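Note that this is a predicted model, so its numbers are computed, not measured. Letters go in sequence order (proteins before strands), and every chain restarts at 1.
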There are 2 protein chains.
Amino acid sequence: MSERLDLESIARKAGVSRSTVSRVINDSPHVSERTRQHVLAIIEQENFHPNTAARALVKRRTDILGVVIPTSANVFLSDNNYYPLILAGLGEAIRQLDYAMLMWLGEVTHDDQHLMRKLSNPYLTDGLIFVSLPNDHPLYDKLSRLRQPFVMIDRPFGELENASYVSIDNLRAAEIATEHLIRLGRRRIAHITGMLTITDACDRLEGYKNALCAAGLPVDSQLIAEGVFNYESGYRAMKQLLPHRPDGLFAANDTMAAGALHAALEAGLRVPEDLSIVGFDDVDVAMQTTPSLTTIRQPIRAKGEVAARLLVDLINNRVSAPQHVILPTELIIRQSCGATNHTKGGDAHTAE
Amino acid sequence: MSERLDLESIARKAGVSRSTVSRVINDSPHVSERTRQHVLAIIEQENFHPNTAARALVKRRTDILGVVIPTSANVFLSDNNYYPLILAGLGEAIRQLDYAMLMWLGEVTHDDQHLMRKLSNPYLTDGLIFVSLPNDHPLYDKLSRLRQPFVMIDRPFGELENASYVSIDNLRAAEIATEHLIRLGRRRIAHITGMLTITDACDRLEGYKNALCAAGLPVDSQLIAEGVFNYESGYRAMKQLLPHRPDGLFAANDTMAAGALHAALEAGLRVPEDLSIVGFDDVDVAMQTTPSLTTIRQPIRAKGEVAARLLVDLINNRVSAPQHVILPTELIIRQSCGATNHTKGGDAHTAE
DNA sequence: TAGCCTTTTGGGAGCGCTCTCAAAATTGGT
DNA sequence: ACCAATTTTGAGAGCGCTCCCAAAAGGCTA
């Protein structure tokens with residue numbers, strides 16, 4: 001019904017040229033204040049929106065960042081709110097940077113080829129962020145062929161040249177968690193790993209072993225059970241560990257720690273008296289269990305924020321790849337480990 | 001370094017015209033098989049990607065769907081995995097439909113104007129999906145001025161003409177939950193509401209009241225406490241309800257039910273003996289509490305999937321707005337209500 | 001008021017694609 | 001082998017914007 005709106009039609013109504021309208025839209029300083037206000041008024045009145053496709057065509061910029069979370073459904077969806085937190089951090093930072101966020105979720109194995117073509121289309125996004133890309137993922141090999149700048153959240157496996165990432169020192173954090181249990185006098189310390197296709201999980205396992213070795217304790221494979229970062233797998237892993245009488249447990253995330261706690265309590269163990277538990281992440285669930293979980297806090301939201309900013313810096317050539325950012329972690333002592341602590345953590349109901 | 005790739009350059013290399021390459025890319029039937037294969041080979045060899053901006057400019061289609069989750073941070077991020085499930089449903093369906101998903105997360109109050117301009121730009125997305133838009137949200141008024149097709153997940157407040165939505169019958173589901181408690185002999189049934197700016201929460205409150213009235217039970221405002229859909233608020237609400245000695249509780253979602261359960265157990269109540277609890281959603285947490293939660297299951301992923309398909313139908317004029325889709329719910333009986341049940345639900349560790 | 005410099009404005013070209021229409025090549029029937 | 005029908009291909013225009021450059025307008029000094 002209403003004629004189609006473009007720069008030209010706005011220009012005509014405002015009695016100026018297309019170029020001037022363009023300048024107004026792009027906040028160019030080369031427009032008199034009088035003209036700017038007038039054009040702005042017409043734009044408002046006509047409810048005009050510049051065509052982003054036309055703009056992108058000439059500027060070779062879409063102002064869109066792509067986010068890929070290839071994590072399998074049962075981890076993303078489940079009780080583990082690591083990914084929602086990452087997303088929140090990404091979403092907020094990306095919006096602040098005045099970009100839009102294009103998202104691909106879930107397993108991409110089946111339409112791998114197809115998706116990769118979309119992802120690697122340099123005209124769709126200005127850059128990409130990969131979250132927790134498993135090292136056996138089909139996208140892995142294609143990364144090196146990517147033309148666009150990209151940032152990974154969580155350290156990639158092996159030496160991926162040109163890959164920038166944002167992560168934490170998982171190895172050291174796991175050592176700290178395990179050392180804490182050792183310091184509390186535990187000698188049969190078990191570990192529930194995360195999905196071992198994710199480097200973070202491998203590093204945490206490594207850190208756990210390191211700490212045992214450093215303390216002269218044996219690394220007993222019967223005290224190591226594999227999980228996949230969700231509650232269910234933590235519960236199962238603990239069932240499997242219980243016959244080997246652990247007196248301490250370091251779980252690769254809080255969600256699995258909660259599942260393990262459930263299994264331990266069900267088996268009649270007292271926590272922390274009989275079994276000392278330390279988790280990882282410090283997500284909400286850590287404060288909702290009884291007893292609440294001692295854990296390693298990592299800045300999950302910040303990972304997303306930092307990754308987004310880093311990507312934009314990469315896009316604008318303010319820095320050049322690869323960049324590696326390591327964010328700090330912190331041991332948060334609550335009830336599940338049995339250490340007395342009067343300053344940190346707090347219970348479930350006085351959270352900030 | 002390498003020359004810029006476009007249709008023309010591919011055409012030159014293949015010894016055909018730009019038009020032919022375009023036809024190949026768009027799967028036009030008007031190309032001989034011989035030519036198609038040849039061109040395809042060149043495209044592959046050169047790793048060519050058509051410029052989406054140029055295509056969008058002429059086709060007036062971006063093949064992008066916008067998803068807006070304006071929910072405040074503490075609900076999206078928290079223990080409640082309603083939104084991740086919605087997202088998973090949306091993400092999968094949108095990918096299957098061969099669209100990309102553009103996302104806006106979190107509160108938009110501050111840069112309201114700015115965001116709305118971006119959202120309503122008809123050249124950025126082909127359509128929009130709003131998830132749980134609170135009725136006091138600044139976007140609410142602007143919905144009627146939207147030119148693009150849009151679909152809401154969860155019923156919008158009031159009579160928004162032209163608004164299509166996908167939801168469930170919250171009113172009836174809440175009645176069923178409450179009736180179940182009544183049937184179990186409970187007489188002092190409490191309710192913890194969701195955020196009352198979301199229509200679903202209002203409907204559930206209404207259904208709760210309806211059921212009480214229908215059973216000749218009084219509606220006691222002291223037995224109604226307001227929550228915001230997260231664990232913390234469920235815990236607090238229960239603390240507030242306990243002095244009024246409820247013997248039953250219907251919580252507007254599982255996460256709050258879990259918080260309430262925590263508070264009840266802490267206060268020394270036995271569940272379900274002293275207090276019968278029914279939740280809503282049937283998310284993972286419902287099977288992880290002890291006792292596990294009786295709840296109303298709603299098809300959360302399906303909401304996302306259906307909304308995406310509906311939006312695409314709207315975009316392609318296969319249906320016309322407004323469309324209202326109501327998905328089915330189901331009462332899942334577990335331990336927290338005290339009803340004996342031998343067929344449904346199961347415990348936390350035998351999930352499907 | 002003329003002359004110079006600065007600020008502001010306008011017009012043309014072109015980004016890479018799709019679409020329409022016409023031309024060329026192929027097919028089939030006689 | 002010829003003409004009509006069909007299939008396949010090519011060229012031109014144009015989508016709505018930005019960018020470059022030149023022209024116009026405005027400000028200042030002499």
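Within the structure, no pair that satisfies the ring pair (Phe, Tyr, Trp, His ring centres under 6.0 Å) test touches residues 21-47 of chain B, not counting sequence neighbours. Applying the ring pair (Phe, Tyr, Trp, His ring centres under 6.0 Å) test to every pair with at least one member in residues 138-166 of chain A, sequence neighbours left out, gives these pairs: A:F130-A:F150, A:Y165-A:H324.
By the side-chain hydrogen bond (donor to acceptor under 3.5 Å, both in side chains) test, B:S164 is found to be paired with no residue, residues two or more places apart in sequence or in another chain being considered. With sequence neighbours left out, the side-chain hydrogen bond (donor to acceptor under 3.5 Å, both in side chains) criterion links A:D98 to B:H114. Every residue meeting the side chain to side chain contact (heavy atoms under 4.5 Å, CB included) condition with A:N316, not counting sequence neighbours, appears here in chain and number order: A:R61, A:Y99, A:V312, A:R318. With sequence neighbours left out, the side-chain hydrogen bond (donor to acceptor under 3.5 Å, both in side chains) criterion links B:D154 to B:Y82, B:S132, B:K303. Applying the side-chain hydrogen bond (donor to acceptor under 3.5 Å, both in side chains) test to B:E46 and every residue at least two apart in sequence or in another chain returns nothing. Applying the side chain to side chain contact (heavy atoms under 4.5 Å, CB included) criterion to B:V319, with sequence neighbours excluded, gives B:L310, B:D313, B:L314, B:Q323.
For the 3.5 Å distance criterion, the side chains of B:N135 and B:T197 fail to qualify, holding no donor opposite an acceptor.
Per the geometry, CG belonging to A:L7 stands 14 Å off P belonging to C:dG11, to the nearest Å. Atom P of nucleotide C:dG14 and atom CG of B:N51 are separated by 18 Å, given to the nearest angstrom. C:dG10 atom P lies 11 Å from atom CD of A:E8, rounded to whole Å. Between the CZ atom of A:R12 and the C1' atom of C:dG10 there is a distance of 15 Å, given to the nearest Å. At whole-Å resolution of the value, CZ in B:R61 and C1' in C:dC17 are 16 Å apart.
If you check residues 31-43 of chain B against DNA chain C, you find no residue with a heavy atom closer than 4.0 Å.
Protein chain B touches strand DNA chain D; the 5'-most and 3'-most nucleotides with an atom under 4.0 angstrom of its non-hydrogen atoms are D:dT8 to D:dG16.
Residue-to-nucleotide proximity on DNA chain D shows that, of B:V16 and B:Y123, the 5′-proximal contact is made by B:V16.
One end of the helix from C:dT1-D:dA30 to C:dG29-D:dC2 points its axis 30° away from the other end's axis, with each axis taken from 5 pairs and the angle rounded to 10°.
Between the side chain of A:R95 and the main chain of A:M101, no donor-acceptor pair closer than 3.5 Å is present. Between the A:S320 side chain and the A:N317 main chain, no donor and acceptor come within less than 3.5 Å of each other.
Applying the 6.0 Å contact sphere to CD of A:E161 captures no more than 12 heavy atoms from other residues, nucleotides or ligands. Within 6.0 Å of the CD atom in B:Q45, the count of heavy atoms belonging to other residues, nucleotides or ligands exceeds 12.
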Polar-atom pairs under 3.5 Å, protein N or O versus N or O of nucleotides 19-22 of chain C: list them with distances, or write none.
none

